[in-house]
Amino acid sequence: MPKPSADNSKTAKASRRRLLITIDGPAGVGKSTVAKLLATRLHLFYLDTGATYRALAYEALRRGVDPRRETAVARVAGRMRLQLDWDPARGLRVLLNGRDVTRHIRTEAVTEAAAVIAQHPNVRAVLVRLQRRLASGPGVVAEGRDTGTVVFPHAAYKFFLTARHAVRARRRQMELRGVQGRSPTLTRIAGQLKARDALDRSRVVGPLVKPPKAIVVDTSRLPAERVVDRMLAALNKGSDPSRTMVTSDGV
Ligand code: C5P
């Protein structure tokens with residue numbers, strides 16, 4: 001395993017003691033599915049950082065707080081008690097102030113509000129601290145937008161997933177059907193994805209970017225299991241993470 005660069009920060013020291021793997025990328029590239037499979041195969045904790053933004057968005061909406069109001073949202077963030085209960089057999093359970101909100105945080109309304117609150121630097125600061133606290137155990141597979149750049153910049157392995165826009169829209173549609181029992185048209189979903197991508201990529205703090213030296217995997221034509229196989233191969237090789245693995249042809 002490559003050693004993280006020398007650094008005296010607390011994060012760097014903690015990173016050296018644990019196996020940290022980050023998976024970043026835009027919505028609909030299959031990050032959650034792949035991260036869960038990888039965490040299960042390696043017996044590591046699965047950290048869904050998007051769930052922290054979603055839980056906060058849900059709580060802000062529930063309290064009638066406008067997601068655009070940074071200070072008010074940051075205050076809600078500071079007060080919420082969030083637990084991410086990961087069990088490979090049962091999946092991820094999201095507990096907010098003791099209440100199970102796993103499904104409630106996946107609706108369209110919460111998704112849109114989460115994209116707005118994720119723009120606020122003060123909110124991100126609170127949530128990044130929370131995410132680091134939540135990442136328990138001997139190792140973590142973290143997924144999100146900034147896990148390899150901001151949350152765990154010293155992670156030993158970093159992956160960046162991509163996929164064609166149409167594929168991402170279809171995956172998101174399936175996900176929404178599972179959660180809400182119905183979903184908007186593909187055209188509408190594709191538009192929503194574009195809008196969220198623009199927000200994710202353009203924000204000043206924690207934007208969606210490929211972390212330096214991350215291994216890139218295009219998942220457009222690869223089933224999740226095969227993506228994980230490739231990741232495991234990279235890990236087993238203790239490979240030089242600066243090598244980019246592009247698999248756009250599904251080979
Ligand atoms: O990944 P997911 O769709 O659950 O993320 C929900 C929202 O949280 C997204 O709009 C994304 O912008 C934001 N997010 C973020 N940084 C992360 C993870 C998610 O800004 N590390």
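Keep in mind it's a predicted model, so treat the numbers as computed, not measured. Just follow the structure's listing: the first ligand is 1, and inside any ligand the first atom is 1.
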Could you name each residue pair satisfying side chain to side chain donor-acceptor pair (under 3.5 Å) that touches residues 71-81, not counting sequence neighbours?
none
Are the side chains of Pro121 and Val204 in touch, meaning some heavy atoms are under 4.5 Å apart?
no
By chain and number, the residues contacting ligand 1 below 4.0 angstrom (heavy atoms only) are Thr49, Gly50, Tyr53, Arg54, Arg106, Ala114, Ala115, Ala118, Arg124, Gly144, Arg145, Asp146, Arg196, Asp200, Arg203
Among Asp87, Thr102, Asp85, whose side chain to side chain donor-acceptor pair (under 3.5 Å) with Arg93 holds?
Asp85
Counterpart residues, salt bridge (Lys or Arg N to Asp or Glu O under 4.0 Å), relative to Arg188 (two or more places apart)
Glu108
Mind checking salt bridge (Lys or Arg N to Asp or Glu O under 4.0 Å) for Arg62 and listing every partner two or more places apart, or none if nothing turns up?
Glu59
Is the number of heavy atoms from other residues, nucleotides or ligands within 6.0 Å of CZ (Arg69) greater than 12?
no
